[in-house]
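Heads up, the thing below is written out as structure tokens.
The chain is numbered in sequence order, starting from 1. These values consider heavy atoms only, across backbone and side chains, with no hydrogens, waters or symmetry-generated copies. The shown structure was predicted, so the numbers you read here are calculated from the model rather than taken from an experiment.
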Amino acid sequence: MKESPELIPITELVLPEIAEIDLYQKRERIYTRHIKGFYQRLRLFTGWPILVVYTLLPWLSWGDKPFILFDLPARQFHILSLTFWPQDFPMLAWLLIIAAFALFAITNFLGRVWCGYTCPQTVWTSLFMWSEQMTEGKRNQRIKLDKGPWHVNKVIRKTAKHSLWIGISVITGVTFIGFFSPIEELVINLFTGQASSWEYAWSIFFTCATYINAGWMREQICTIVCPYAKFQSVMFDQNTLIISYDKKRGEERGSRRRDATKEDHGLGDCIDCKLCVQVCPTGIDIRDGLQLECIGCALCVDACNQVMKKMDYPKHLISYTTENAMAGKETHFLRPRLIGYAVAILVMVSLFSYNLINRIPLRLDVERERSTLYHETSLGMVQNTYNITVMNMGQTSKDYIITVSGIENLEYLGEEKITVAPGEVFNLPARLQVDPTLLKSPSSEINFTVTSASDSKVAQTQESRFIGPFRP
């Protein structure tokens with residue numbers, strides 16, 4: 001009898017249980033721990049200058065005008081000695097493109113240092129966290145205070161914290177409006193009830209925005225709202241500076257006595273104190289690898305270095321490094337993409353500077369009267385009527401001389417010299433006449449030129465047409 005072949009044993013497949021994910025789960029509040037270190041001292045030299053410059057800049061003057069004033073009702077934008085108009089908006093777009101390329105280059109080279117050191121959200125959030133630590137105590141004290149029942153001490157501390165938050169928010173909001181309205185008058189008008197409705201509305205809006213963003217939302221602005229966090233990873237490469245945890249050196253994690261040797265416990269350098277998590281403003285564990293939420297603030301680096309020093313271990317278990325360095329490869333600081341960014345920025349800055357230096361604070365528009373092609377006088381001369389618009393884009397009154405060229409013996413019948421106040425749009429009707437025998441065609445090209453009486457370099461020319469009779 002033939003034996004049956006041996007059957008392959010079948011093992012029952014048990015699928016793992018899949019937990020339900022609540023997309024609208026309640027936000028878990030982050031309690032950050034205060035830490036000191038090299039990078040946090042470095043952040044003082046980036047954060048505080050931004051706060052000081054932002055607060056003081058509206059109060060500084062250049063001559064009889066503020067350093068910076070965006071006068072929207074007058075459509076004038078004063079920056080130092082220059083005045084820009086809506087017609088100069090292409091320069092603003094150009095400047096924003098340069099800033100974007102600079103951000104791309106810095107991100108490709110140094111990672112998210114903008115987010116960690118100079119972003120206004122980071123700077124103001126750090127100021128709010130400092131206020132929180134000053135009024136409610138250290139991390140464990142704040143956790144205990146929030147979990148405990150309401151009592152007199154809790155009310156006093158919470159009131160003090162929110163009073164500081166509101167004070168900082170009010171200063172921030174009013175200062176921001178000070179870039180659009182002279183701040184000395186603004187402050188007086190706000191507190192005397194004489195400010196305009198839009199000044200009150202926008203001051204309240206930016207005060208509330210600061211209070212909510214820096215006081216309550218905090219890391220959610222960086223991880224959810226900010227678009228830069230979403231696309232910055234595409235600018236990273238293997239040579240980009242990032243904050244990373246050295247797994248080869250740190251694993252396996254575990255606590256141990258300070259005087260224990262590695263041979264005694266057989267563990268890596270990470271003692272699993274979780275201090276790097278407690279200081280992180282976005283609440284991540286950097287030991288899990290590079291994450292979208294990491295803003296590159298290096299708080300975890302300073303925290304870990306302090307622990308390594310206490311344990312008498314080498315520093316920089318968590319450090320600024322690159323993917324190539326972690327893989328034991330050479331890091332290339334000069335690379336094609338970075339060089340391309342640098343060249344593009346250099347070209348754009350050079351062209352922008354050239355146009356800014358050679359910018360002429362004068363605008364000329366000429367419109368020919370279209371209701372009548374031409375008019376013949378009793379003396380047989382042909383006349384055309386025009387409307388000339390001269391705009392003085394400077395900060396002082398100017399005398400201008402108007403000339404016309406393009407046709408032999410063309411006569412200009414109008415004011416040849418005009419005075420235009422700063423920011424004024426001067427409209428001037430004018431007529432041109434010529435002997436029809438001198439016209440070579442029914443439509444001739446002519447040029448209107450407006451020149452400053454004090455500086456011949458300040459001049460603008462506008463092309464137009466002179467219409468005459470058709471003579472076969």
**OP:** Could you tell me whether R29 and E132 make a salt bridge, using a distance below 4.0 angstrom between a side-chain N and a carboxylate O?
**Re:** yes

Subject >> R75 atom CZ, over 12 foreign heavy atoms within 6.0 Å >> reply: no

**OP:** Identify the two heavy atoms, one from T322 and one from T240, that lie closest to each other, and give their separation to 0.1 Å.
**Re:** CG2-O, 3.5 Å

Subject >> Straight-line distance of K65 NZ to I79 CD1, nearest 0.5 Å >> reply: 14.0 Å

**OP:** State whether the number of non-hydrogen atoms from other residues, nucleotides or ligands found under 6.0 Å of W59 atom CH2 is greater than 12.
**Re:** yes

Subject >> salt_bridge(K158, E136) N-O dist < 4.0 Å >> reply: yes

**OP:** Verify the distance criterion only: is there a donor paired with an acceptor across the side chains of T461 and T449 at less than 3.5 Å?
**Re:** yes

Subject >> Q121 and T125: side chain donor to acceptor below 3.5 Å >> reply: yes

Original post:
Hey, is K457 close enough to D455 for a salt bridge, meaning N to O under 4.0 Å?
Top reply: no

Original post:
Nearest 0.5 Å, what's the OH-SG distance between Y228 and C119?
Top reply: 9.5 Å

Original post:
Quick one: are the ring centres of W85 and H78 less than 6.0 Å apart?
Top reply: no

Subject >> Verdict with reasoning, D302 to Q40, per side chain to side chain donor-acceptor pair (under 3.5 Å) >> reply: CA-CA 8 Å; D302 284 334; Q40 303 323 301; 2.9 Å; yes

Original post:
Can you tell me how far the OG atom of S319 sits from the CD1 atom of I242, to the nearest 0.5 Å?
Top reply: 9.5 Å

Original post:
Quick one: CG on L317 to CD1 on I286, what's the gap to the nearest 0.5 Å?
Top reply: 11.5 Å

Subject >> F205/W198 aromatic ring centres below 6.0 Å >> reply: no

Original post:
Is there a donor in the side chain of D285 and an acceptor in the side chain of Y245, or the other way round, less than 3.5 Å apart?
Top reply: no

**OP:** May I ask you to check whether over 12 heavy atoms, not counting those of M91, lie within 6.0 Å of atom CE?
**Re:** yes

Original post:
For F231, does the CZ atom have more than 12 heavy-atom neighbours from other residues, nucleotides or ligands under 6.0 Å away?
Top reply: yes

**OP:** Calculate, to the nearest 0.5 Å, the distance between atoms OH and CG belonging to Y39 and L299 respectively.
**Re:** 12.0 Å

Original post:
On the ring face of F38, is R43 found with NZ or CZ under 6.0 Å from the centre and within 45° of the axis?
Top reply: no

Original post:
Taking atom CZ of F180 and atom CH2 of W202, what is their separation to the nearest 0.5 Å?
Top reply: 9.0 Å

Original post:
Can D237 and R335 be counted as an ion pair, charged N to O under 4.0 angstrom?
Top reply: yes

Original post:
Would you call the rings of F179 and Y54 parallel, tilted or perpendicular, where under 30° means parallel and over 60° means perpendicular?
Top reply: tilted

